[in-house]
Amino acid sequence: MPLSPESPRYFGTLDDISPEEGDPLPATADVVAHLTEARDYLAREGLDADLAWSAGEPGREIVDTAKRINARAIVLGEHHHGALSRMFSGGDVDENVRREAGCPVILA
């Protein structure tokens with residue numbers, strides 16, 4: 001595909017890179033709302049939980065975050081994925097987290 005000066009980006013040139021490129025993605029408003037709702041619910045139940053937002057490969061992000069905050073346990077919602085999902089994601093998230101976590105993993 002030839003480069004076009006009328007294109008909004010000039011792929012392959014140095015001036016087409018945004019200054020924000022590579023920065024962590026911020027949580028969207030709906031994610032913030034869900035985290036706030038979950039935090040409030042857990043607080044009402046007497047639980048002090050750390051809730052975190054991260055973008056990337058789910059299993060890796062969960063494990064990295066748990067290690068960074070020295071988590072004593074990880075609680076995951078149970079998901080049922082088929083063969084196609086495992087093929088594209090490299091396996092079940094809960095299996096990957098259990099293997100790498102270094103702390104108890106609880107499926108809820």
Side-chain angles (χ1 to χ4, degrees):
M1 176 173 126
L3 297 176
S4 168
E6 277 74 55
S7 296
R9 277 184 71 128
Y10 306 103
F11 295 97
T13 64
L14 292 178
D15 62 351
D16 71 337
I17 300 172
S18 165
E20 292 86 27
E21 195 146 345
D23 288 351
L25 295 173
T28 60
D30 62 327
V31 169
V32 171
H34 286 298
L35 289 175
T36 301
E37 179 183 354
R39 185 176 294 112
D40 293 346
Y41 175 83
L42 293 168
R44 284 192 307 272
E45 297 298 319
L47 298 170
D48 182 25
D50 290 318
L51 305 176
W53 153 260
S54 186
E57 190 277 312
R60 172 64 23 219
E61 293 298 326
I62 292 167
V63 169
D64 288 350
T65 300
K67 288 180 178 181
R68 186 178 72 247
I69 66 170
N70 297 315
R72 293 180 299 185
I74 299 170
V75 179
L76 297 174
E78 189 172 16
H79 294 279
H80 302 282
H81 299 292
L84 189 60
S85 174
R86 282 191 296 277
M87 182 174 68
F88 285 109
S89 68
D92 289 329
V93 171
D94 57 342
E95 289 175 15
N96 295 339
V97 172
R98 283 182 189 178
R99 186 176 49 251
E100 302 291 329
C103 66
V105 177
I106 302 163
L107 292 181

J.: Looking at side-chain heavy atoms only, is the closest gap between P104 and I74 below 4.5 Å?
T.: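 P104 does not reach I74 side chain to side chain.
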J.: Looking only at heavy atoms, what is the nearest atom pair of P58 and V93, with distance?
T.: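 Closest approach of P58 to V93, heavy atoms only: CB-CG2, 3.8 Å.
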J.: Side chains of N96 and D92: does their closest heavy-atom pair fall under 4.5 Å?
T.: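 Counting from C-beta outward, N96 and D92 never come under 4.5 Å.
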J.: Check C103 against A73 and note the closest heavy-atom contact, atom names and distance.
T.: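 So the minimum-distance heavy-atom pair works out to SG-CA, 4.0 Å.
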J.: Could you pull out the closest heavy-atom pair between L42 and A49, with the gap in Å?
T.: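 Smallest interatomic distance, heavy atoms only, reads CD1-CB, 3.6 Å.
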J.: Honestly curious: do Y41 and L35 fall in one hydrophobic cluster under the side-chain, below-4.5 Å linking rule?
T.: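 Yes; L35 is reachable from Y41 via cluster members.
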J.: At their closest point, which heavy atom of A27 faces which heavy atom of V32, and how far apart are they?
T.: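 A27 and V32 have their closest heavy atoms at CB-CG2, 3.9 Å.
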J.: List the atom pairs, donor and acceptor, that lie under 3.5 Å between side-chain atoms in residues 62-72 and the rest of the protein, sequence neighbours left out.
T.:
{"unit_1": "D64", "atom_1": "OD1", "unit_2": "R60", "atom_2": "NH1", "d": "2.9"}
{"unit_1": "T65", "atom_1": "OG1", "unit_2": "E61", "atom_2": "O", "d": "2.9"}
{"unit_1": "K67", "atom_1": "NZ", "unit_2": "E100", "atom_2": "O", "d": "3.4"}

J.: Please answer whether the main-chain N or O of L47 pairs with a side-chain N or O of E45 as donor and acceptor at a distance below 3.5 Å.
T.: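 Not a single qualifying donor-acceptor pair exists.
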J.: Just how far is it from atom NE2 of H34 to atom CG of L51, taken to the nearest 0.5 Å?
T.: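 Reported value, rounded in 0.5 Å steps: 13.0 Å.
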J.: Side-chain contact test, heavy atoms from C-beta onward, threshold under 4.5 Å: evaluate it for D94 versus V105 and give yes or no.
T.: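 They are not in contact (no side-chain heavy atoms under 4.5 Å apart), so the answer is no.
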J.: Got a sec: does the CG of D40 have more than 12 other heavy atoms crowding it under 6.0 Å?
T.: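 Yes, because the 6.0 Å sphere around CG of D40 holds more than 12 heavy atoms from other groups.
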